[in-house]
Amino acid sequence: GLAVPFTSGNVSPVWPAAGVAVAAILLLGYQVWPGIALGAFLVNFLSPIPHTAALGMCIGNTLGSVVGVALFRRRGGDPRLLRLRDVLTLFAFPGLVGTAVSAIWGVSVLSATSVHAWSGFASAWLVWWLGDGMGVLLVTPLLLTARHLLARPLRWRLSEFAGLMLLVGAGCLIMFGTGLDVSPREDLMAFAIFPLIIWAAIRFEVAGAAAVGCLIATLAVWETAHGLGPFARHTSSLQNAGVLQAFLMVLSVSGLTLGAVMTEKRQAQQALQRQTERMLGIESQRLQLAQQ
């Protein structure tokens with residue numbers, strides 16, 4: 001998150017660590033909060049900001065993750081993300097509310113310690129909030145559902161998944177201009193990659209959409225940070241970050257919601273099949289009794 005060149009004052013437009021923290025609490029429980037706090041403190045302690053700011057930021061990062069997960073569970077969210085409701089609850093609470101808490105606390109700490117991030121308090125808070133939100137939307141679903149890609153019914157489709165990831169990588173290289181003489185002039189050209197995430201959501205549900213979304217985000221952020229692609233053509237780094245964040249948000253929300261709908265459809269079909277088999281078994285027993 002801090003490696004991208006257009007990051008300023010420890011405020012990153014994409015912060016994957018926020019997604020890791022939320023996933024860790026959902027998978028392992030609230031008792032992992034000291035590890036989250038220690039990791040956040042060390043990252044900021046080793047960066048060029050005052051040590052008091054590093055301490056304050058680690059409190060904000062930990063508090064935001066804990067609050068977001070608490071609200072997610074209070075609203076009945078399931079970390080397995082088997083329902084559309086679970087995905088939307090993840091978006092709403094850990095992705096928006098929890099990250100807002102972290103952003104307000106963190107930017108306030110930076111301002112109090114005379115670290116002037118971005119162009120002011122409002123812009124720093126917005127970039128921080130959306131950056132943490134991107135981390136939750138992109139990384140948390142991947143960590144929560146990655147094991148589903150190794151489930152037995154999906155193993156025979158691993159070759160298809162590998163081919164899909166290769167196509168996504170090639171498409172991103174074309175869209176964002178890495179090593180190729182292709183430099184789209186319009187931001188909308190980036191949306192040409194959408195059919196691939198739709199493919200991932202339909203065939204591999206939430207896990208596939210999360211994996212493809214993370215790959216696209218990684219390449220998009222890296223290339224934009226190095227001045228390549230449609231999101232690097234603006235003169236303002238804040239504007240570049242905002243357009244990139246909007247693209248990643250639409251990409252992630254679209255893929256994950258479609259993947260959740262496909263999961264619900266599969267579960268409904270399986271439930272109907274089980275019910276049909278059960279009814280056929282009952283009718284078969286009745287027929288045998290009647291014959292006897």
Side-chain angles (χ1 to χ4, degrees), residues 1 3-4 13-20 22-23 27 79-82 87 90-91 95 134-184 187-226 228-232 244-263 265-266:
V4 290
V14 178
W15 189 246
V20 176
V22 171
L27 292 173
R80 295 176 297 173
L81 303 182
L82 298 176
V87 173
L90 181 70
F91 292 163
M134 290 302 98
V136 174
L137 295 184
L138 293 168
V139 178
T140 301
L142 178 64
L143 296 179
L144 294 178
T145 62
R147 64 185 183 276
H148 297 164
L149 291 174
L150 301 178
R152 182 167 298 177
L154 295 178
R155 287 178 184 173
W156 66 276
R157 285 192 287 167
L158 286 180
S159 58
E160 177 189 352
F161 181 73
L164 172 61
M165 296 295 280
L166 288 176
L167 285 176
V168 170
C172 288
L173 292 180
I174 294 173
M175 289 299 137
F176 303 111
T178 302
L180 298 175
D181 190 18
V182 179
S183 181
D187 299 340
L188 293 178
M189 288 295 295
F191 287 90
I193 206 74
F194 259 57
L196 295 179
I197 198 166
I198 292 174
W199 176 7
I202 292 175
R203 295 288 289 167
F204 301 98
E205 301 174 1
V206 175
V212 170
C214 278
L215 178 59
I216 294 174
T218 300
L219 295 175
V221 170
W222 185 259
E223 300 307 334
T224 301
H226 288 80
L228 299 173
F231 303 127
L244 175 62
Q245 288 173 328
F247 167 73
L248 295 180
M249 182 178 297
V250 173
L251 183 85
S252 176
V253 171
S254 301
L256 293 175
T257 51
L258 178 57
V261 170
M262 296 305 298
T263 300
K265 176 184 176 182
R266 175 178 55 81

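Worth saying up front: this structure is predicted, and the values here are computed from it rather than measured. By convention here, the first residue in the shown sequence is residue 1.
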Mutual orientation of the aromatic rings belonging to Phe161 and Phe204 [parallel < 30°, tilted 30-60°, perpendicular > 60°]:
perpendicular

Please enumerate all residues that pass ring pair (Phe, Tyr, Trp, His ring centres under 6.0 Å) together with Phe91, with sequence neighbours excluded.
none

Measure the [atom1]-[atom2] distance between [X] and [Y] for me, rounded to the nearest 0.5 Å.
| X | Y | atom1 | atom2 | answer |
| --- | --- | --- | --- | --- |
| Ile198 | Arg203 | CD1 | CZ | 15.0 Å |
| Met262 | Thr257 | CE | OG1 | 12.0 Å |
| Leu82 | Arg266 | CG | CZ | 7.5 Å |
| Leu251 | Ile197 | CG | CD1 | 4.0 Å |
| Phe247 | Met134 | CZ | CE | 11.5 Å |

N/O donor-acceptor pair under 3.5 Å between Thr140 side chain and Val22 backbone
no

Between Ser252 and Leu248, is there a donor-acceptor pair closer than 3.5 Å when you use the side chain of the first and the backbone of the second?
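Here the side-chain-to-backbone pair does not exist.
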
Mind listing the closest non-hydrogen atom pair of [X] and [Y] along with its distance?
| X | Y | answer |
| --- | --- | --- |
| Ser254 | Phe194 | OG-CE2, 3.8 Å |
| His148 | Ala207 | CB-CB, 4.2 Å |
| Gly255 | Ala201 | O-CB, 3.5 Å |
| Leu138 | Ala217 | CD1-CB, 3.4 Å |
| Ala211 | Met165 | O-CE, 4.0 Å |
| Thr224 | Ala220 | OG1-O, 2.7 Å |

Excluding sequence neighbours, so at least two apart, what forms side-chain hydrogen bond (donor to acceptor under 3.5 Å, both in side chains) with Thr263?
Glu205

Are Leu256 and Leu81 close enough that some pair of their side-chain heavy atoms sits under 4.5 Å apart?
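Leu256 does not reach Leu81 side chain to side chain.
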
Over 12 foreign heavy atoms within 6.0 Å of CZ, Arg80:
no

What pairs with Val168 under side chain to side chain contact (heavy atoms under 4.5 Å, CB included), at least two apart in sequence or on another chain?
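Checked Val168 against side chain to side chain contact (heavy atoms under 4.5 Å, CB included); matches are Leu164, Cys172, Leu196, Val212, Leu215, Ile216.
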
